[in-house]
A.B. asks: 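Dropping the structure in here first, questions after.
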Amino acid sequence: MPLVTLTTYTSPFEAEIVRGRLEAEGIPAVVADAEMVTADWMMSQAIGGVKLRVPASALDRAREILSEDDPAEDAEPIPEAEILAWRALQAAAVGLALPPLQLYAVWLLVRYARIENHESPKTVRRVMWAVVFLLPYVVLLGLILWG
């Protein structure tokens with residue numbers, strides 16, 4: 001029975017998860033080139049990634065199963081306030097070593113402040129930590145300007 005490539009993955013682990021899902025539905029599946037990618041992950045691009053292969057007769061049913069399991073359909077959109085808070089925290093933390101990122105973090109926090117309904121405790125914590133990381137540069141700027 002000839003096998004056809006259903007889809008490709010960059011990681012053998014993703015391919016194995018989907019293979020297990022297909023086999024649970026009664027569709028035999030084979031993961032190809034996983035060993036090559038595991039041995040040298042940079043070869044993944046060269047060989048076309050890790051391939052998930054199924055019998056040609058089961059291709060349509062396998063595609064149907066994969067389309068049913070699309071997690072993007074069930075995912076709720078991430079609120080803009082949460083995205084801005086996370087980016088501000090990252091920029092402020094990395095900005096300790098690369099000061100220009102501090103300005104970007106401030107800009108993100110200003111955008112965050114303009115958004116209403118951002119009471120999520122996790123988001124507020126991220127904003128607080130971003131401000132903490134910004135404090136050394138605010139103090140230094142104050143000393144330079146008014147020192």
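One is the number of the first residue; the rest follow in order along the sequence.
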A.B. asks: Determine, using the 4.5 Å side-chain heavy-atom cutoff (strictly less than), whether F13 and L52 are members of one ILVMFWY cluster.
C.D. replies: no

A.B. asks: Could you report the tightest heavy-atom contact between P136 and L96, atom names first, then the distance?
C.D. replies: CG-CD2, 4.5 Å

A.B. asks: Might you point out which heavy atoms bring V54 and A29 nearest each other, and give the distance in Å?
C.D. replies: CG1-CB, 4.0 Å

A.B. asks: Give a yes or no on whether Y112 and Y104 share a hydrophobic cluster (residues Ile, Leu, Val, Met, Phe, Trp, Tyr; joining criterion: side-chain heavy atoms under 4.5 Å apart).
C.D. replies: yes

A.B. asks: Under a 4.5 Å cut-off applied to non-hydrogen side-chain atoms, are V31 and K51 in contact?
C.D. replies: no

A.B. asks: State the OG-CD distance between S11 and E16, to the nearest 0.5 angstrom.
C.D. replies: 9.5 Å

A.B. asks: Among the clusters formed by ILVMFWY side chains lying less than 4.5 Å apart, do V18 and V4 turn up in the same one?
C.D. replies: yes

A.B. asks: Is the closest side-chain heavy-atom distance between E68 and R63 below 4.5 Å?
C.D. replies: no

A.B. asks: Side chains of L89 and V127: closer than 4.5 Å at any heavy-atom pair?
C.D. replies: no

A.B. asks: Please round to the nearest 0.5 Å and tell me the distance separating atom CG of D33 and atom OG1 of T8.
C.D. replies: 10.5 Å

A.B. asks: May I ask you to test the I27-E23 pair for a side-chain heavy-atom distance under 4.5 Å?
C.D. replies: no

A.B. asks: Work out which heavy atom in T10 is nearest to a heavy atom in V37; give both atom names and the distance.
C.D. replies: O-CG1, 3.8 Å

A.B. asks: Roughly how far apart are L108 CG and Q90 CD, rounded to 0.5 Å?
C.D. replies: 10.0 Å

A.B. asks: Just verifying a value: how many Å separate L6 CG and L22 CG, rounded to the nearest 0.5 Å?
C.D. replies: 6.5 Å

A.B. asks: Do L134 and W107 sit in the same hydrophobic cluster, where Ile, Leu, Val, Met, Phe, Trp and Tyr count as joined when their side-chain heavy atoms come under 4.5 Å apart?
C.D. replies: yes

A.B. asks: If you compare all heavy atoms of Y9 against all heavy atoms of E14, which two are closest, and at what distance to 0.1 Å?
C.D. replies: CD2-CB, 3.7 Å

A.B. asks: For A15 and V50, which heavy atoms make the closest approach, and how far apart are they?
C.D. replies: CB-CG1, 3.7 Å

A.B. asks: Please round to the nearest 0.5 Å and tell me the distance separating atom CZ of R53 and atom CG of L59.
C.D. replies: 12.5 Å

A.B. asks: Count I, L, V, M, F, W, Y as connected when their side-chain heavy atoms are under 4.5 Å apart, and connections chain through other members. Are I83 and W129 then in the same cluster?
C.D. replies: no

A.B. asks: Has L98 got more than 12 heavy atoms of other residues, nucleotides or ligands less than 6.0 Å from its CG?
C.D. replies: yes

A.B. asks: Look at atom CZ of R87 and say whether more than 12 heavy atoms of other residues, nucleotides or ligands are closer to it than 6.0 Å.
C.D. replies: no

A.B. asks: Which heavy-atom pair separates T123 from A81 by the least distance, and what is that distance?
C.D. replies: CG2-O, 3.7 Å

A.B. asks: Is any side-chain heavy atom of P55 less than 4.5 Å from a side-chain heavy atom of P28?
C.D. replies: yes

A.B. asks: So, taking the atom named CG in L101 and the one named CZ in F133, what distance separates them when rounded to the nearest 0.5 Å?
C.D. replies: 13.0 Å

